[in-house]
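Below is one structure; the comments refer to it alone.
Reckoned from all heavy atoms, side chains included, excluding hydrogens, waters and symmetry mates. Reminder, nothing fancy here: chain letters follow the sequence lines and each chain counts from 1.
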Amino acid sequence: MPELPEVETVVSLLKTLVVHEVIESVEIYWNNIIGEPNVTTFRNNIEQQVITDVTRRGKYIIFALSNGHLVSHLRMEGKYYVYDEKVEKDKHTHVIFNFKSGKEMHYHDTRKFGKMYLYPKNEPLAILSKLGYEPWDQDLSADALLDLAKRRSISIKAFLLDQSVIAGIGNIYVNEILFTTKIHPAQPVNTLSKKQFDAIIKATASILSAAIESGGTTIRSYTSSLGVTGLFQQQLNVHNRQNEACNVCGSDIEKIVVAQRGTYLCPICQSIQ
DNA sequence: AATTAGACTCGGAACC
DNA sequence: TACTTCCGAGTCTAAT
C-alpha cells in the first residue's frame with residue numbers, strides 16, 4: 001500500500017491515535033517482520049516505552065519512542081489498525097502492540113513483506129541512511145540530479161524509483177510524474193536536460209502534495225489503515241488507465257514494461273528523444 | 001597493459 | 001493482475 005503520499009496519510013492518522021501511548025507488551029506472530037534486532041531483543045527493548053511522535057522518511061514510518069525509534073516499512077501490503085479495546089487477530093495480523101490504556105495497534109500484512117527495525121536512543125537509524133532527497137528538500141536541484149544521472153545508463157523511470165536518489169516515489173507516482181513532464185519512461189537518464197530535471201522536481205512536489213491532500217491513492221491493497229480511503233485515483237492521468245483516453249491529447253494510454261514494472265504512458269505526449 | 005575494487009545493472013526471491 | 005526492497009551474479013569503469 002505504500003508510496004510517500006499513502007505513508008504520509010497513515011502517519012498523520014497514527015499520530016492522532018497512538019502518540020502518548022505506552023507499549024505494555026508486543027506479540028509477534030511472524031518473526032521475519034522484525035528486521036533488527038532479533039525478536040527477543042526487539043520485544044524486551046520496546047516494552048514499557050512511550051510513543052512520543054510519529055513521522056516519515058521516504059516510505060518509512062518512524063515511531064519516536066521514549067528510549068529509541070521504531071522504524072517500519074509497509075512494503076506492498078502492510079497496514080496498521082488501531083482499536084480501542086481487545087480485538088481478535090486475523091490470519092494476516094503478524095504483530096500486536098498492546099498499550100497500557102487498553103488500546104491495541106495491529107500490524108497486518110497479507111504478503112509478509114513489511115519490516116520493522118528498533119534502534120536504541122542515540123543510535124543512527126541505519127536502514128534510513130541510504131535514502132536520497134525528500135521531494136521538498138531545498139537541496140534537491142536539477143544540477144544535483146544531473147550529477148547523479150550522468151554516469152548511469154538506466155531509464156529515467158528506474159532512476160526515479162531508486163530510493164537513494166529521491167526517497168518516496170513508487171510506481172504509481174513515477175508514471176504520473178513522467179506523464180506530466182512529457183518524458184518517456186524508458187528514456188536513458190543520462191540524456192535528460194537540466195530543464196527536464198527541473199520539470200521533474202516541480203512535478204514531483206506538486207503531484208505528491210496533491211496526493212497527500214487527497215489522502216493518497218486507493219489501489220488494490222491500499223485503503224489506508226484505519227479504514228480511510230484515498231481519493232487521488234480520481235486524479236490519475238495514466239496509472240491504471242490502459243486503453244483510456246489521454247487527458248491531454250485523447251490518444252489511448254498504453255501499458256508497457258519498463259524497469260520490470262508495469263508502466264503507463266501516452267505514446268503521443270511522451271515520445272522518446 | 002593487466003588487474004582489481006567498487007559501482008552499476010538485472011533478475012529473482014521474499015510471501016502464499 | 002504487482003502500491004517494494006534486498007541480494008547475488010554478471011558487467012562496466014576508474015584507478016593503480
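- The distance from atom CG of A:Asn32 to atom P of C:dC6 is 15 Å, rounded to the nearest whole Å.
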Checking side-chain contact (heavy atoms from CB on, under 4.5 Å) for the pair A:Phe97/A:Leu70: CA distance, chi angles, key distance, verdict? CA-CA 12 Å; A:Phe97 298 82; A:Leu70 170 65; 3.9 Å; yes
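- Using a 4.0 Å cut-off, some side-chain N or O of A:His73 falls inside it from OP1 or OP2 of C:dT5.
- In this entry the distance linking CG of A:Asn240 with C1' of C:dA2 reads 10 Å, nearest Å.
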One pair to check against side-chain contact (heavy atoms from CB on, under 4.5 Å): A:Val18 and A:Tyr80. What are the steps and the verdict? CA-CA 11 Å; A:Val18 303; A:Tyr80 281 101; over 6 Å; no
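- Look at CE on A:Met76: it is 14 Å from P on C:dC6, rounded to the nearest Å.
- Under a 4.5 Å side-chain heavy-atom cut-off, the cluster of Ile, Leu, Val, Met, Phe, Trp and Tyr residues that includes A:Ile256 is completed by A:Val258, A:Leu265.
- Hydrophobic cluster membership of A:Val238, counting Ile, Leu, Val, Met, Phe, Trp and Tyr whose side-chain heavy atoms lie under 4.5 Å apart directly or via other members: A:Phe179, A:Val248, A:Ile253, A:Tyr264.
- Legend: residues meeting side-chain hydrogen bond (donor to acceptor under 3.5 Å, both in side chains) with A:Ser25, ordered by chain and number and at least two apart, are A:Asn98.
- Note on A:Lys130: every side-chain N or O is 4.0 Å or more away from OP1 and OP2 of C:dC6.
- Nucleic acid contact for A:Ile169: none, since no nucleic acid atom lies under 4.0 Å from a heavy atom of the residue.
- End-to-end axis angle for the helix from B:dA2-C:dT16 to B:dA14-C:dT4, using five pairs per end and rounding to 10°, comes out at 10°.
- Across the protein-nucleic acid pair, A:Lys115 atom NZ and C:dT4 atom P stand 17 Å apart, rounded to whole Å.
- Connectivity analysis of hydrophobic side chains (ILVMFWY, heavy atoms under 4.5 Å, direct or indirect) links A:Tyr60 to A:Ile62, A:Val71, A:Tyr117, A:Tyr119, A:Leu125, A:Ile127, A:Leu128, A:Leu131.
- Heavy atoms only, all atoms of each residue included: A:Glu3 and A:Ile169 are closest at OE1-C, 4.1 Å.
- A:Glu8 meets the side-chain hydrogen bond (donor to acceptor under 3.5 Å, both in side chains) test with A:Arg56; sequence neighbours excluded.
- Within the structure, side chain to side chain donor-acceptor pair (under 3.5 Å) contacts touching residues 166-180 of chain A (residues at least two apart or in different chains) are A:Glu6-A:Tyr173, A:Lys157-A:Asn171, A:Lys157-A:Asn175, A:Tyr173-A:Thr217, A:Asn175-A:His239.
- Under the 4.5 Å side-chain contact rule for hydrophobic residues, A:Phe63 and A:Val11 share a cluster.
- Judged by distance alone, the side chain of A:Glu104 and the main-chain N or O of A:Val87 form a donor-acceptor pair under 3.5 Å.
- Only A:Arg111, A:Lys112, A:Phe113, listed by number, bring a heavy atom of residues 106-113 of chain A to less than 4.0 angstrom from any atom of DNA chain B.
- At a threshold of 4.0 angstrom between heavy atoms, the contacts of A:Tyr60 are confined to the sugar-phosphate backbone, with no base atom among them.
- In this entry the distance linking CD1 of A:Ile172 with P of C:dA2 reads 11 Å, nearest Å.
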I would like to know whether A:Asp147 and A:Asp143 meet side-chain contact (heavy atoms from CB on, under 4.5 Å); could you show each step before the answer? CA-CA 6 Å; A:Asp147 194 52; A:Asp143 282 326; over 6 Å; no
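- Of the residues in residues 147-155 of chain A, those with a non-hydrogen atom less than 4.0 angstrom from any atom of DNA chain B are A:Arg152, A:Ser153, A:Ile154.
- For A:Lys59, a side-chain nitrogen or oxygen approaches OP1 or OP2 of C:dT4 to under 4.0 Å.
- In summary, contact between chain A and DNA chain B, defined as any nucleotide atom under 4.0 Å from a heavy atom of the protein, begins and ends at B:dT9 to B:dC16 in the 5' to 3' direction.
- No side-chain N or O of A:Thr191 forms a donor-acceptor pair with one of A:Gln273 less than 3.5 Å apart.
- In this structure, the side chain of A:Ser72 does not engage the main chain of A:Ile61 through any donor-acceptor pair within 3.5 Å.
- Closest of all the heavy-atom pairs between A:Gln270 and A:Ile183 is NE2-O, 3.0 Å.
- Taking the side chain to side chain contact (heavy atoms under 4.5 Å, CB included) definition, one finds that A:Ala205 meets it with A:Trp136, sequence neighbours left out.
- For the segment residues 251-265 of chain A, residues with any heavy atom less than 4.0 angstrom from an atom of DNA chain B are, sorted by number, A:Gln260.
- Taking 4.0 angstrom as the limit, A:Gln163 places a side-chain polar atom (N or O) nearer than this to OP1 or OP2 of C:dT5.
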